Amino acid sequence: MMEEKGRENGVAAMKACYRRFDPAAYLQYNYTPPRADFTRKDSIVPWKLACLHRAFTEGDMSGELLVDIGSGPTLYQVMSGCEVFSKVLLTDFLEVNRQELRRWLQDEGQCSLDWTPYLQHVCKLEGRRPSAWTEKAAKLRQVVADILPIDVHCSQPLAPDALPSVGADCLVSCFCLESVSPDLAAFTRALGHIGKLLRPGGHLMLIGALGESYYFAGPGVRIPVVPLNEAQVCTSLKESGYTLIRLEVYTLTQDMRVGVDDVTGVFFVKAKKD
């Protein structure tokens, strides 16, 4: 009983941290140069986009439904997947992030970040002209069916009728679970919770921070993070019913350490639900 109370308190404290999350500041800190410099091979965002592109185009993905777990205010993580799956669901715990995503999807022109360079870069990865970004943007807007509230700490993270009874064919989740969990055990439980949304044999793509203990989600808004290493990620996946297909690691160069967090590396995982 005491252990469960402590668990609930830890999760409640994490949720409280997010009340001051500022989507515009978060995007500015992480999704502009140098971290999003498309002219550099060693920039972090192009690395993430290349990992996702490769994972989605290896030919082992099938089905119709892709669910993005904890989208935040970002869209880059589904730009390759929207070509493979005919239906995409975006999800986030925070209404401010869901609003940010809706603004782009409804093409209202008041977005906090211009996603054009991202769309152009993914088009290049796909062997298309960068000018095809307008077609890609239209495709993405067409396949995103909804933007839903989610709580990865609930054993049923989405509303019961949100998904078909068989579950999603693929999940993608970037910088979510370690950023909203008070400790490693909560991170592992959250992996198990989202696994319930995935059909057996379905794929999981996971991107997350290594060695990070905090990040800034706005001026003076410091959010604690579970500092993970590669071995812990692999163990948590195994304990949560996934088989690892691939793990890749990016180590931050000195100029990528821009003072908004203490992250040392980023991992990319492609796994399959047992």
Side-chain angles (χ1 to χ4, degrees), residues 10-11 13-15 17-18 21-23 25-37 42-52 55 68-78 91-94 97 113 150 152-153 171-191 193-194 204-218 221-237 239-240 242 244 246-271:
V11 167
M14 283 303 307
K15 288 177 179 174
C17 289
Y18 275 87
F21 187 93
D22 179 342
Y26 173 78
L27 289 166
Q28 185 63 39
Y29 296 160
N30 295 289
Y31 294 98
T32 58
R35 289 187 169 182
D37 185 341
D42 63 346
S43 182
I44 188 167
V45 166
W47 179 84
K48 290 188 288 187
L49 290 173
C51 286
L52 288 161
D68 181 23
I69 305 290
S71 307
T74 66
L75 288 155
Y76 70 91
Q77 63 277 18
V78 293
T91 69
D92 202 72
F93 181 70
L94 296 175
N97 284 337
L113 189 74
I150 192 168
V152 297
H153 297 302
L171 302 180
V172 62
S173 186
C174 300
F175 302 103
C176 170
L177 305 184
E178 74 280 8
S179 308
V180 301
S181 297
D183 51 38
L184 181 60
F187 169 82
T188 307
R189 277 195 302 275
L191 258 180
H193 292 160
I194 67 169
L204 167 71
M205 249 83 76
L206 198 62
I207 295 180
L210 292 168
E212 182 177 45
S213 68
Y214 75 90
Y215 75 97
F216 283 103
V221 184
R222 186 180 162 121
I223 294 186
V225 180
V226 182
L228 297 171
N229 61 41
E230 292 154 67
Q232 289 168 325
V233 173
C234 293
T235 302
S236 293
L237 283 163
E239 284 177 14
S240 307
Y242 302 94
L244 182 66
R246 185 165 69 249
L247 172 75
E248 296 177 59
V249 171
Y250 170 98
T251 304
L252 267 79
T253 57
Q254 206 47 53
D255 65 331
M256 294 289 152
R257 302 181 185 198
V258 291
V260 295
D261 52 43
D262 62 349
V263 65
T264 59
V266 175
F267 68 84
F268 173 83
V269 155
K270 183 174 183 176

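For clarity, every value in this text was computed on a predicted model and none was experimentally measured.
Residues meeting the ring pair (Phe, Tyr, Trp, His ring centres under 6.0 Å) test with F216, sequence neighbours left out: Y214.
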Stepwise side-chain contact (heavy atoms from CB on, under 4.5 Å) check, K48 with Y250: CA-CA 9 Å; K48 290 188 288 187; Y250 170 98; over 6 Å; no

Intermediate values then yes/no, side-chain contact (heavy atoms from CB on, under 4.5 Å), F267 and L228: CA-CA 10 Å; F267 68 84; L228 297 171; 4.0 Å; yes

side-chain hydrogen bond (donor to acceptor under 3.5 Å, both in side chains) between Y76 and Y31, worked out: CA-CA 10 Å; Y76 70 91; Y31 294 98; 3.3 Å; yes

Check against side-chain contact (heavy atoms from CB on, under 4.5 Å), F93 and V180: CA-CA 10 Å; F93 181 70; V180 301; over 6 Å; no

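In this structure, Q77 and I207 have side chains that are not in contact, with every pair of non-hydrogen atoms separated by 4.5 Å or more. Counting heavy atoms from C-beta outward, P224 and M14 have side chains that approach closer than 4.5 Å. In this structure the side chain of V221 never reaches within 4.5 angstrom of the side chain of D22, judged on heavy atoms. Using a 4.5 Å heavy-atom cutoff, the side chains of F268 and L52 are in contact. V266 places a side-chain heavy atom less than 4.5 Å from the side chain of F175. The shortest distance between side-chain heavy atoms of L191 and F187 falls below 4.5 Å. Side chains of R35 and V260 form a contact here, defined as non-hydrogen atoms less than 4.5 Å apart.
Residues I194 and I69 share a closest heavy-atom pair of CG2-CG2, 3.8 Å. Here the shortest heavy-atom pairing between S179 and Y215 reads CB-CE2, 4.0 Å. L210 and E230 get closest at one heavy-atom pair: CD2-N, 3.9 Å. Minimum interatomic distance between L247 and L244 (heavy atoms only, all atoms of both residues): CB-CD2, 4.2 Å. Between M256 and P34, the shortest heavy-atom distance links the atoms CE-O, 3.3 Å. Here the closest heavy-atom approach between residue S181 and residue V226 is recorded as O-CG2, 3.0 Å.
Looking at D37, its side chain never comes within 3.5 Å of a backbone N or O of S43 through a donor-acceptor pair. Remark: the backbone N or O of S236 is not paired with any side-chain donor or acceptor of T188 at under 3.5 angstrom. Judged purely by atom type and a 3.5 angstrom limit, T32 has no side-chain atom pairing as donor or acceptor with the backbone of Y29.
Atom NZ in K270 sits 11.5 Å away from atom SG in C51 (nearest 0.5 Å). Expressed to the nearest 0.5 Å, how far OG1 of T91 lies from CG of D68 amounts to 6.0 Å. One finds the CZ atom of R222 at 10.5 Å from the CG atom of D261 (value rounded to the nearest 0.5 Å). In this structure, T264 OG1 and R257 CZ are separated by 6.0 Å, a value rounded to the nearest 0.5 Å. To the nearest 0.5 angstrom, E178 atom CD is 12.5 Å from S213 atom OG. The line from CG of L27 to CG of L113 is 5.0 Å long, rounded to the nearest 0.5 Å.
Considering L206, L204, V269 in turn, L204 is the only one that fulfils the side-chain contact (heavy atoms from CB on, under 4.5 Å) rule with Y242.
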